Number of protein chains: 2
Amino acid sequence: MYSFTEENYIKAIYKLQEKSGISVNTNAIAEIMQTKAASVTDMIKKLSEKKLLSYAKYKGVELTETGRKMALEMIRKHRLWETFLYDKLNFSWDEVHDIAEQLEHIKSTKLIDCLDEFLGFPENDPHGDPIPGKNGLIQRIELYKVSELGIGEFGVISGVVNHSSLFLQHLEKNQLVLGKGIEIVSKSDFDQSLRIKIEGGIPIMISNEVARNVLLKKSR
Amino acid sequence: MYSFTEENYIKAIYKLQEKSGISVNTNAIAEIMQTKAASVTDMIKKLSEKKLLSYAKYKGVELTETGRKMALEMIRKHRLWETFLYDKLNFSWDEVHDIAEQLEHIKSTKLIDCLDEFLGFPENDPHGDPIPGKNGLIQRIELYKVSELGIGEFGVISGVVNHSSLFLQHLEKNQLVLGKGIEIVSKSDFDQSLRIKIEGGIPIMISNEVARNVLLKKSR
DNA sequence: TAATATTTTTAGACTAGTCTAAAAATATTT
DNA sequence: AAATATTTTTAGACTAGTCTAAAAATATTA
Ligand SMILES: [Mn+2]
Ligand SMILES: [Mn+2]
Ligand SMILES: [Mn+2]
Ligand SMILES: [Mn+2]
C-alpha cells in the first residue's frame, strides 16, 4: 500500500508530465508539492525503487506504466468525489476540490466503483474535467480558450484552466457556468478584454485574464 | 489539526472508558491499538499536553471534555459513513466498517452535516448503533442480550456486541438481521444454546455464543 | 510485611518525510 | 572554452510514531 505522500507525488508528476511534455524536473515537483528540492530527490529515489517512475540522476523523472495507472486512479477518485459533493450534497463548484483532495486517498476499489454507479457513471466532474473510467481510459474533447475564438464564433463553456475558488466564484457571479453558450461579440485592442453575449442574456465585458481561463467546446 | 493516529487513540480510549468505567490503563489501549505499551505511554503524554486527556503517571488516563467531544465527532462520522455505504451504495453490514475507519478521518464539518441531511438524519447505523447528533448528543436505548431474556419473552433485534465480519455474515445467513422480532422458545441446560422463533419463520437453534452477541429491544 | 509478579515508564534506536547547507553536475553567458 | 549561474544531489539533522530492553512503580501473594 502507498502512503498519502507517495500518492500525492505521483499525481503531481502526472500532471506536470501532462502539460510540459516528457521528463519532469525536480524543482517543478518541489513547487507544486510545496516542498524543497532535496526532499523531492529523496522521494524520487523511493518511488523509483518501487518502479512507479524511472529516474536518471540530474535528468528528471518519467512515470512508468504502473505509475501512470496509479495517477489515473487517483484522478478518477478525485473527480468522482467532487461529482458526489456537487450532485448529491449540493456543494458549489468552488467548494469541492479541497475535500476531494482528502477523499481521493480512501482505499477501496469497490467503494469507488459503487460510487461511480450511484452517480450514474458521470463523464465530467463539476469543473468539466473528464473522469477516467474503471478501465483507466480518459476521453479527451478538444476545448478552446475563450481568448482563442474569433469575433462571431460560438461555444459552450466546458471547462476551466484556473481551478482556484476565487476564480470559480467570480465566474459564477457573472453567470459563466458550465454548459452556458456564449458568442464573442468584440475584442478590445487596448487590453484584450472581450465583449461576449451569454445565451439568453445581455452582452457583458470580461477581462483577458478571464478569457484565457475559460474553456469552450466550439458550436455552430 | 490532529493526526489520524491521535484521532484513533482518542476514539480507542473513549470506547474503553465507555465499557470499563473510569480511568483507562496503558495495556488496554496498547491492545486495541495493536501496539506496545511503550508507544502508548509516549502518545498519552502528547495527548495530555494537548489537553485531550488527563494523565497521572501509573494511574491511567481519562478523556477531558474536549477529548470526549472529539471522540463523539469521530463516532458520528464513522457511523454516518457506514450508513451512507449501506443505504446508498448497497454495501452489506459486514463490509462497511473497514472503509468507515478511513472515512472517519476526513476533515470537514460541512461535509458531515450535509451527509447527515442527505441520509435523512438517521438515528442508527447499519449495526444498530446510535449516531451522535451535530450537538454531540447520543441517544441511548436499553438493549438486552438474547441470552438475558427468559422463555416466552419477545424482542426486536436492535444491535450486536461483536462487530466482526464473520459474525455479521453468520447472522445474515440465519435471518438474524436488524429489525427482526424473535421469541425465546427454550433453553438447553447442557450448552446454554437457545431455541428461538424468528418473526414469520420456523424455530431455529442458536448457540450461546450467538445469543450473547445479539442485542434486543424488549417488546410486548 | 516481605517476596514475587505485573504493569508502566524510560532510554535509546529505527523509519518516513522533511529541512538547511554545502557539494556536484549541468546549463548559460561571455 | 572558460567563467558564471542554475539545478540537482548529498550530508547531516529534526519530528512523529514506533520498537526492544531495562528500570521503576504498583499489585498480588505468601
Ligand atoms: Mn479538484
Ligand atoms: Mn475537478
Ligand atoms: Mn464500525
Ligand atoms: Mn457500526
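Each chain gets a letter, A, B and so on, in the order the sequences are listed, and its residues count up from 1. This structure is a prediction, so every number in the text was calculated from the model and none was measured.
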- Item | Check against salt bridge (charged side-chain N to carboxylate O under 4.0 Å, His left out), A:Arg68 and A:Glu65 | CA-CA 5 Å; A:Arg68 211 185 65 88; A:Glu65 191 50 29; 3.5 Å; yes
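- Here A:Ser39 reaches the OP1 or OP2 of C:dC19: one of its side-chain N or O atoms lies under 4.0 Å away.
- In DNA chain C, consecutive stretches of 3 or more Watson-Crick or G-U wobble pairs with both distances under 3.5 Å are given as paired ranges: C:1-30 with D:1-30.
- In this structure, CD1 of A:Ile44 is placed 9 Å from C1' of D:dT8, rounded to the nearest angstrom.
- Ionic pairing of B:Glu73 and B:Lys11 is not present here: no N-O contact between side-chain nitrogen and carboxylate oxygen is shorter than 4.0 angstrom.
- One finds a side-chain N or O of A:Thr35 lying less than 4.0 angstrom from the OP1 or OP2 phosphate oxygen of C:dC19.
- Distance CG (B:Asn27) to P (C:dT6): 12 Å, rounded to an integer number of Å.
- The cationic group of B:Lys88 does not satisfy the cation-pi geometry with A:Phe118, failing either the under 6.0 Å distance to the six-membered ring centre or the 45° limit from the ring axis.
- Distances shown here put every side-chain N or O of B:Tyr9 at or beyond 4.0 Å from the OP1 or OP2 atom of D:dA16.
- Here the P atom of nucleotide D:dA23 and the OH atom of B:Tyr58 are 13 Å apart, to the nearest Å.
- Note on A:Lys36: every side-chain N or O is 4.0 Å or more away from OP1 and OP2 of C:dT18.
- Regarding B:Asn8, its CG atom lies at a distance of 15 Å from the C1' atom of D:dA16, rounded to whole Å.
- A salt bridge is defined here as a Lys NZ or Arg NE, NH1 or NH2 lying under 4.0 Å from an Asp or Glu carboxylate O, and A:Lys134 with A:Asp116 fails to meet this definition.
- A 6.0 Å sphere centred on NZ of A:Lys69 holds no more than 12 heavy atoms belonging to other residues, nucleotides or ligands.
- Computed from coordinates, the B:Glu7 CD to D:dA16 C1' distance equals 15 Å when rounded to whole Å.
- OP1 and OP2 of D:dT9 both lie 4.0 Å or more from every side-chain N or O belonging to A:Lys45.
- Dashed line: the shortest gap from a side-chain N or O of A:Asn25 to OP1 or OP2 of D:dT7 is not under 4.0 Å.
- Not one side-chain nitrogen or oxygen of A:Lys57 sits closer than 4.0 Å to the OP1 or OP2 atom of C:dT26.
- For the pair B:Tyr2 and D:dA16, the criterion of a side-chain N or O lying under 4.0 Å from OP1 or OP2 is not met.
- Taking atom CE of residue B:Met43 and atom C1' of nucleotide C:dT10, one finds them 17 Å apart after rounding to whole Å.
- Side-chain contact between B:Leu194 and B:Met205 is absent, with no heavy atoms from C-beta onward closer than 4.5 Å.
- A sub-4.0 Å separation between OP1 or OP2 of D:dT10 and a side-chain N or O of A:Thr41 is absent.
- Using a 4.0 Å heavy-atom distance criterion, B:Tyr55 is classed as a sugar-phosphate-only contact.
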- Item | Test salt bridge (charged side-chain N to carboxylate O under 4.0 Å, His left out) applied to A:Lys110 and B:Glu95, step by step | CA-CA 10 Å; A:Lys110 172 161 186 180; B:Glu95 292 174 316; 3.0 Å; yes
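- B:Thr5 has no side-chain polar atom (N or O) that falls below the 4.0 Å cut-off from OP1 or OP2 of D:dA16.
- A:Asp94 and A:His163 form no side-chain donor-acceptor contact under 3.5 Å, judged by distance and modelled atom types alone.
- Atom-to-atom, CG of A:Asp42 to P of C:dT20 comes out at 13 Å; the value is rounded to the nearest Å.
- Remark: C1' of C:dT18 and CG of A:Leu47 are 15 Å apart, rounded to the nearest angstrom.
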